[in-house]
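See below for the structure under consideration.
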There are 2 protein chains.
Amino acid sequence: MRADAQRNYARLLAVAEEEIALNGADASLEQIARIAGVGSGTVRRHFPTRHALLAAVFRDRVESLCAQARDRVGRTDARAALLEWLSAVTTSAATIRGLAMALNRDRAADAEHEHCATTQLTEAGEPLVRQAAGVLAPGVTIADLLALITGIALATEDHPDPAAEANRLFALAVAGLSPQGEVRRPAAAR
Amino acid sequence: MRADAQRNYARLLAVAEEEIALNGADASLEQIARIAGVGSGTVRRHFPTRHALLAAVFRDRVESLCAQARDRVGRTDARAALLEWLSAVTTSAATIRGLAMALNRDRAADAEHEHCATTQLTEAGEPLVRQAAGVLAPGVTIADLLALITGIALATEDHPDPAAEANRLFALAVAGLSPQGEVRRPAAAR
DNA sequence: TTGCTAAACGGCGGGGGTCTCCGTATCGTA
DNA sequence: TACGATACGGAGACCCCCGCCGTTTAGCAA
């Protein structure tokens, strides 16, 4: 890659991160180009789709989460290991503007890309779930957990303290909103 | 209201309902105007904001849900009454394209309008929650339940069977994803 | 150093969307 | 039937996404 291309790539990434933090996943690409001082074509060359830009912006963060998951595999307190990680994911999803929407969108895209954030998180979290299978409600998958988390993050995006609120809601869901009764029964609910 | 205005209003509402069902809450207002055979100014006159249009389109449905809530107040099995109603809300939010997003947005708008859908549902559901307070986890409010439901609906919007998936996730949250013990948050995120 | 070439750049043009405003057509009434 | 209030339509200004192409420039090689 040519030196000027590298410079522009880095610049765009930095600007995009700011702009997305400010305006969410729908931030204007044109605006990003303007701030970065490049033509709109340059943005498009480096990031052919909006999804590509989002993926690049959030890559480090997602990889960090995946690493955190790997670090927790094999711990004896499987439940705590899983819940702590999920809480970290929740905090990121709720705090980093646009991340939740990005995660949600590429779940919709139906695993079109192998390296999309949702896929990565799913693969990273799967061992933790398997490990903790005994203490989870029957039928709960890593996909369910991530779906719930992204949903919660979307729903709390405009709360004064999104991370706290999201974690609170997720904790409620983990413990059960109304836990009595059919807790351990796998039969279909209505 | 003049007769032609009434006609246009009704036409627009019908077209908007279709178009939103097809393309979600971001459906093009211009497109709606075109299909309805009116000028774009007419759309904006009847519905000054996108929110106003969404509110009008979903009004009947929301009122039906509110009515269902009222019908359930006073039932002896308070828990079932609440859960059934929440399931109905979940089904609507997940099935009717754009509704979840509309609900989510007007929660963000911070009760700007008294008659917004979220407010209505909150008021309608509150008695059911109070009634069932004894069997709910401490600290759970009607706002929490609705936030969770809209979040779940958003996250399952592109699932093959959104209603089933959303209800499944919500049922899991009600019973508890991992019902025993307490959820702990990690010492430091990242 | 100087050419040269492929890679990268910028921005134009077309297609849409939102929002505002105003001249005009139409309704309902006197 | 005539008239005023009301509603209509669409033009204009602005922004955004997307594809394309003429121009510039980095980096290698002579």
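Numbered from 1 within each chain, the chains take letters A, B, ... in sequence-line order.
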Tabulate below the donor-acceptor pairs under 3.5 Å that side-chain atoms of residues 63-70 of chain B make, not counting sequence neighbours, or state none.
{"from": "Ser64(B)", "atom 1": "OG", "to": "Gln68(B)", "atom 2": "NE2", "distance (Å)": "3.4"}

Completion exercise
Arg11(A) atom CZ is separated from dA8(C) atom C1', nearest whole Å, by 16 Å

Exercise for the section: Report yes or no: do Phe58(B) and Leu103(B) belong to one cluster of Ile/Leu/Val/Met/Phe/Trp/Tyr joined by side chain heavy-atom distances under 4.5 Å? Expected result: yes

Handout entry: dC9(C) phosphate, OP1 or OP2, under 4.0 Å from Asn8(A) side-chain N/O
Key = yes

Handout entry: Atom-to-atom span, OH of Tyr9(B) to C1' of dT6(D) - whole angstrom
Key = 17 Å

Exercise for the section: Establish, from distance only, whether the side-chain atoms of Asn23(A) and Ser28(A) form a donor-acceptor pair under 3.5 Å. Expected result: no

Exercise for the section: Using a 4.0 Å cut-off on protein heavy atoms (strictly under), produce a 5'-to-3' string for nucleotides 18-30 of chain C with B for base contact, S for backbone-only sugar-phosphate contact, and - for none. Expected result: BBB-----BSS--

Exercise for the section: Ignoring hydrogens and angles, state whether a donor on the side chain of Ser87(B) or Asn167(B) is under 3.5 Å from an acceptor on the partner side chain. Expected result: yes

Practice task
Could you tell me which residues satisfy side chain to side chain contact (heavy atoms under 4.5 Å, CB included) with Ala5(A), sequence neighbours excluded, listed by chain and number?
Solution key: Met1(A), Arg2(A), His46(A)

Handout entry: Residues Arg61(B) and Ser92(B): side-chain donor-acceptor under 3.5 angstrom
Key = no

Exercise for the section: Write down the distance between CD1 (Ile32(A)) and P (dC15(D)), rounded to a whole number of angstrom. Expected result: 17 Å

Handout entry: Short side-chain N/O contact to dC9(C) OP1/OP2 from His46(A), under 4.0 Å
Key = yes

